[in-house]
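Accompanying notes for the structure given below.
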Amino acid sequence: MGIGLTGFVGAALIGMLVDAELRTGRYYNEPAKLVQAIGVSELALVPSGRNLRHPSLHRRAVDLRYDPRLPFEVLHEAGLLLAPGSKPGK
Amino acid sequence: MSVKTHLPLIAWSLRDLLRHPVENGLLGLSLFFLTLLCSVVLLFSQALSSAAEQILADAPALVVRRIGAGGWLPLPARRAEALAGEVPGVVRARARVWGTADGPFGVVTVYGWGTAEDLRTPAGSGILPPGRGEAIAGSGLSSVGTGGSLELKASSSMRFTIGSFFSPAAGLVAHDLVLLHPQDAAQLLGLPAGYASDLALDVFHEQEADALRPDLARAFPWPIQIVTRDETIGLYEAGFSRRSALAYFMLVPSILALLVIVVATVRKQIGRRHEIGLLRALGWTGRHILLQQIIKSCMSGIPAVAAGILAAYSLVFWPGTTWMGALLFGWQQHPPALYLEPEGIGLPVVEIGVLVFAPYLTAAVWTALMSVSADPQELLDREYM
């Protein structure tokens with residue numbers, strides 16, 4: 001029984017290696033074509049909008065509050081500006 | 001030394017294993033789960049790094065983004081393309097319109113695609129460009145159905161009709177991607193007419209992409225951020241390695257469990273040294289006893305370790321597997337079906353096999369060696385003292 005089990009598992013391991021060989025070069029053609037056509041630079045492993053989805057955008061040196069991951073929010077700056085000639089508090 | 005001459009010894013070892021079926025079964029089960037955990041982490045990291053490298057091999061060599069004091073800024077498409085085109089070494093500059101928008105099942109990535117320049121690429125000619133009001137969506141939105149209405153919200157809210165879907169096999173790139181007409185995408189994302197999100201560049205010498213940075217920085221009148229393809233792939237690989245390292249930290253209890261198994265095996269063998277004494281008294285040589293221990297360890301350990309590797313292989317490389325997206329990448333619903341290629345797994349598999357099996361075998365052999373060197377009478381006396 002032990003020999004049979006070892007033999008079976010050995011055969012399954014060889015089957016695994018054969019399967020690995022057969023499947024290599026089979027799945028990445030389609031996504032690679034899409035990358036080439038659309039010019040996508042990132043993988044869709046992580047949901048859109050998260051930092052991990054766009055690792056190259058996430059640079060600490062640059063404050064990326066307004067980056068393509070956000071729907072172009074603009075700070076409402078009217079309250080921060082004073083009309084020419086006006087005085088603060090009026 | 002043939003198998004035939006050792007058949008009685010193999011049969012004896014098997015019989016010895018079957019004398020303690022529960023104990024040996026649990027030992028095998030522990031080795032199986034330990035191998036499974038270690039293999040999944042290693043194969044997962046290897047497979048995703050390989051996928052990133054191979055799929056992104058044709059991605060733009062450089063991506064140029066305009067930045068300002070507040071961060072990212074849209075850039076004027078035609079002008080930016082012309083400025084980049086003047087830099088020696090740049091063979092193609094393509095302004096990209098892309099961003100994120102809220103969809104029915106969460107955030108999606110929107111790309112505007114279908115300009116004459118887009119369709120000129122060899123791969124682009126195989127995709128029917130979406131018309132105004134149409135969308136091509138990734139398989140993550142397949143529940144909407146072909147011809148279904150898709151409402152997206154970003155700078156404005158717009159409704160599109162899904163014309164077709166990308167194949168699930170392209171899920172690694174397009175799972176939550178929505179391809180729109182360039183004008184629709186710009187309107188949805190709030191980009192002014194003639195502006196783009198960033199610039200994708202192809203270069204003459206791929207290896208020299210990094211060297212073009214200073215020339216590009218000088219060519220544009222605004223501050224820019226430049227990211228090379230190698231940097232992006234490197235960031236992915238670093239991310240996967242970091243996740244694997246974290247997973248291994250989580251596996252520390254399992255590694256301790258392995259240690260306990262090894263210690264338990266040694267203790268068990270020491271506890272039964274009288275049996276070895278008996279065998280030696282019956283005429284078994286030290287070589288026979290050592291061989292018996294090795295055969296026993298192989299009979300119980302190899303199937304368990306191999307079964308663990310097989311189970312891990314199935315978990316990681318089963319076509320269309322979704323557990324990784326749901327468990328590791330934070331997909332709440334409709335995780336991507338991953339089709340990963342098992343390229344270059346030979347070495348990791350051998351590593352795991354050795355990592356798990358070697359300590360176990362060493363412990364068994366060491367105990368046998370200790371017993372072989374002892375006096376049989378002393379071994380027998382210990383039992384009856």
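Chain A is the first sequence line, chain B the second, and so forth, proteins listed ahead of strands; every chain is numbered from 1.
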*Name the option with the most non-hydrogen atom pairs under 4.5 Å to chain B; the candidates are Gly15(A), Pro47(A), Pro31(A), Gly25(A).*
Pro47(A)
*Distance from Glu341(B) atom CD to Leu22(A) atom CG, nearest 0.5 Å?*
12.0 Å
*In terms of heavy-atom pairs under 4.5 Å with chain A, which of Arg94(B), Arg229(B), Met324(B) leads?*
Arg94(B)
_I want to check something: taking the side chain as every heavy atom from C-beta on, are Ile309(B) and Met16(A) in contact at a cut-off of under 4.5 Å?_
yes
*Check the side chains of Arg96(B) and Ser41(A) for a donor-acceptor pair under 3.5 angstrom, ignoring hydrogens and angles.*
yes
*Just how far is it from atom CG of Leu34(A) to atom CG of Leu177(B), taken to the nearest 0.5 Å?*
7.0 Å
*Do you know the tightest heavy-atom contact between Val173(B) and Ala44(A)?*
O-CB, 3.4 Å
*asked:* Shorter than 4.5 Å, heavy atoms on both sides: which option in Val110(B), Ile345(B), Leu340(B) has the most such pairs with chain A?
replied: Leu340(B)
*asked:* Do Tyr28(A) and Leu172(B) make a side-chain contact, defined as non-hydrogen atoms from C-beta onward lying under 4.5 Å apart?
replied: yes
*Please indicate whether Phe32(B) has more than 12 foreign heavy atoms, meaning atoms of other residues, nucleotides or ligands, lying under 6.0 Å from its CZ.*
yes
_Using a 3.5 Å distance criterion without hydrogens, assess whether the side chain of Tyr313(B) forms a donor-acceptor pair with backbone atoms of Ala20(A)._
yes
*Heavy-atom distances under 4.5 Å only: say whether Tyr111(B) touches chain A with side chain, backbone, both or neither.*
side chain
_Which portion of Leu338(B) sits near chain A, non-hydrogen atoms under 4.5 angstrom_ = side chain
*asked:* Just verifying a value: how many Å separate Glu343(B) CD and Arg26(A) CZ, rounded to the nearest 0.5 Å?
replied: 15.0 Å
*asked:* Is it true that Glu30(A) and Ser167(B) share a donor-acceptor pair across their side chains at a distance under 3.5 Å?
replied: yes
*Any donor-acceptor pair under 3.5 Å linking the side chain of Trp98(B) with the backbone of Val40(A)?*
no
*Nearest heavy atoms of Ala12(A) and Leu310(B), plus distance in Å*: CB-CD1, 3.3 Å
_Part of Pro319(B) lying under 4.5 Å from any heavy atom of chain A_ = both
*asked:* Let's test your reading of the structure: which of Gly239(B), Ala51(B), Ala57(B), Gly234(B) forms the most heavy-atom pairs below 4.5 Å with chain A?
replied: Ala51(B)
_Among Leu17(A), Leu43(A), Leu13(A), Asp19(A), residue most engaged with chain B (heavy-atom pairs, under 4.5 Å)_ = Leu43(A)
_Is it the case that the side chain of Trp113(B) and the backbone of Ala37(A) share a donor-acceptor pair, with hydrogens and angles ignored and the cut-off at 3.5 Å?_
yes
*Toward chain A, the part of Ala238(B) with a non-hydrogen atom under 4.5 Å*: neither
*Drop me the distance from Arg50(A)'s CZ to Phe329(B)'s CZ, to the nearest 0.5 angstrom.*
11.5 Å
_Side chains of Arg53(A) and Thr109(B), heavy atoms from C-beta outward: is any pair under 4.5 Å?_
yes
_Under 4.5 Å from a heavy atom of chain A, the part of Phe105(B) involved_ = neither
*Pick one of side chain, backbone, both or neither for Ala11(B), based on which atoms fall under 4.5 Å of a heavy atom in chain A.*
neither
*asked:* Once rounded to the nearest 0.5 Å, what's the spacing between atom CD of Gln36(A) and atom CG of Asp202(B)?
replied: 9.0 Å
*So, for Asp176(B) and Ser48(A), which heavy atoms are closest and what is the spacing to 0.1 Å?*
OD2-OG, 2.7 Å
*asked:* On a heavy-atom basis, which atom in Leu45(A) and which in Trp331(B) lie closest, and how many Å separate them?
replied: O-NE1, 2.6 Å
*Distance (rounded to the nearest 0.5 Å) between Phe166(B) CZ and Ile38(A) CD1*: 4.5 Å
